[in-house]
There are 2 protein chains.
Amino acid sequence: MATTHDRQLVEQWRSIQNSYFRTAGAIDRALEAKFDIGLNEFEILDLVAESEESACRMKALGERTPMTQSAVSKVVDRLEKAGLVSRQTCVDDRRSLFLELTEAGRALHSTAAVEHRALLKENLG
Amino acid sequence: MATTHDRQLVEQWRSIQNSYFRTAGAIDRALEAKFDIGLNEFEILDLVAESEESACRMKALGERTPMTQSAVSKVVDRLEKAGLVSRQTCVDDRRSLFLELTEAGRALHSTAAVEHRALLKENLG
DNA sequence: TGTCATTGAATGACGCGTCATATAGATTGA
DNA sequence: TCAATCTATATGACGCGTCATTCAATGACA
């Protein structure tokens, strides 16, 4: 039976979806237009920028994002191809990699982050 | 400069993302497993079920969902192929279509909706 | 009525995320 | 030390959503 509580749940969910898509879409389009980088790429860049100094990042990245391990790997591929990030082999465990921002990556991140925060502020209230 | 307000915004955004993906993922997997239908398919089905009686739906659907017009069209393709929905031509405006649940569609919707609401409740609190 | 712009929907090319797998390196324990 | 197992990442096939475009029907206006 369709209770009014059900209706409320559905409405709440739709409103979450709408604001999620509105916000993600706005940020994605803005970053794409101004920096030629997608939202997921920026978010990985952001995580890497945040964690300068801790090691063997690919693994850690996977734990800090809802993306799949394989998605992270492909995002990093693109970032690397764009020259924003570089994979460094990790001496203690040669299966692992850790990531570094290149100069270009650091530069792009710092200006893109301003835009990103501004759009979050605008969209999240 | 990275203010602490910025940090809060970013944290808030990540938490929204996480709960969005957690919830959407859980529902999607459950519907897929039990009813062989994805979340977007269910949501269109749900919208159609809701609006029995109003006409020329394709258009209206696009306004009630963050999906693209073309995404809606493809979701409806799949629903139609699965025999859950049928496209009816609209006499007043022959460019438009409106949608109807088939018997199978109505049946599936009513049991899947129970599951859907339960998962929303569980995930949204 | 004939043209031109607009609208509802479908389609194809394309990019991205996911799942299942592959590969190489690490770990355990006999 | 050698299997067996596990762990970190990469890769390929695949499905889906998006964008740009197309097509048909409509509307507007001379």
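Here is how names work: the chains are called A, B, and so on, in the same order as the sequence lines, proteins then strands, and each is numbered from 1.
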Task: Under 3.5 Å: donor-acceptor pair, side chain of A/Thr102, backbone of A/Gly105 - done: yes

Open item on the list: Tell me if a side-chain donor or acceptor on A/Ser51 pairs with a main-chain N or O of A/Leu47 at a distance below 3.5 Å.
Closed with: yes

Output the rounded distance in Å from [atom1] ([X]) to [atom2] ([N]).
{"X": "B/Leu99", "N": "C/dG8", "atom1": "CG", "atom2": "P", "answer": "15 Å"}
{"X": "B/Lys59", "N": "D/dA25", "atom1": "NZ", "atom2": "P", "answer": "19 Å"}
{"X": "A/Met58", "N": "D/dT9", "atom1": "CE", "atom2": "C1'", "answer": "6 Å"}
{"X": "A/Asn40", "N": "C/dC16", "atom1": "CG", "atom2": "P", "answer": "10 Å"}
{"X": "B/Glu32", "N": "C/dT18", "atom1": "CD", "atom2": "P", "answer": "14 Å"}
{"X": "B/Gln17", "N": "C/dG17", "atom1": "CD", "atom2": "P", "answer": "12 Å"}
{"X": "B/Asp28", "N": "D/dC16", "atom1": "CG", "atom2": "P", "answer": "10 Å"}
{"X": "A/Ile37", "N": "C/dG15", "atom1": "CD1", "atom2": "P", "answer": "17 Å"}

Task: From CA spacing to verdict: side-chain contact (heavy atoms from CB on, under 4.5 Å), B/Leu99, B/Leu61 - done: CA-CA 10 Å; B/Leu99 303 177; B/Leu61 247 45; 3.6 Å; yes

Any carboxylate oxygen within less than 4.0 angstrom of a Lys/Arg side-chain nitrogen, looking at [X] and [Y]?
{"X": "B/Arg117", "Y": "A/Glu11", "value": "no"}
{"X": "A/Asp46", "Y": "B/Arg14", "value": "yes"}
{"X": "B/Glu41", "Y": "B/Lys74", "value": "no"}

Open item on the list: Applying ring-ring contact (aromatic ring centres under 6.0 Å, His included) to A/Tyr20 and A/Trp13, what does each step give before you reach the verdict?
Closed with: CA-CA 10 Å; A/Tyr20 179 76; A/Trp13 173 241; 9.6 Å; no

- [ ] Might you work through the side-chain contact (heavy atoms from CB on, under 4.5 Å) test for A/His109 and A/Val48, ending with a clear yes or no?
- [x] CA-CA 10 Å; A/His109 174 260; A/Val48 175; over 6 Å; no

Open item on the list: Below 4.0 angstrom, which residues in residues 64-84 of chain B have at least one non-hydrogen atom near DNA chain C?
Closed with: B/Gln69, B/Ser70, B/Ser73, B/Lys74

Any side-chain N or O of [X] below 4.0 angstrom from OP1/OP2 of [N]?
{"X": "B/Arg87", "N": "C/dA10", "value": "yes"}
{"X": "A/Arg94", "N": "C/dA26", "value": "yes"}
{"X": "B/Arg95", "N": "D/dC23", "value": "no"}

Task: Given C/dG17, D/dA8, C/dA10, the nucleotide with the shortest approach to the side chain of A/Asp93 - done: D/dA8

- [ ] For residues 25-35 of chain A, pull every pair meeting side chain to side chain donor-acceptor pair (under 3.5 Å), keeping only residues two or more places apart or in separate chains.
- [x] A/Lys34-A/Glu115

TODO: Rounding to 10 degrees, work out the angle separating the end axes of the helix from C/dT1-D/dA30 to C/dA30-D/dT1 (five pairs an end).
DONE: 10°

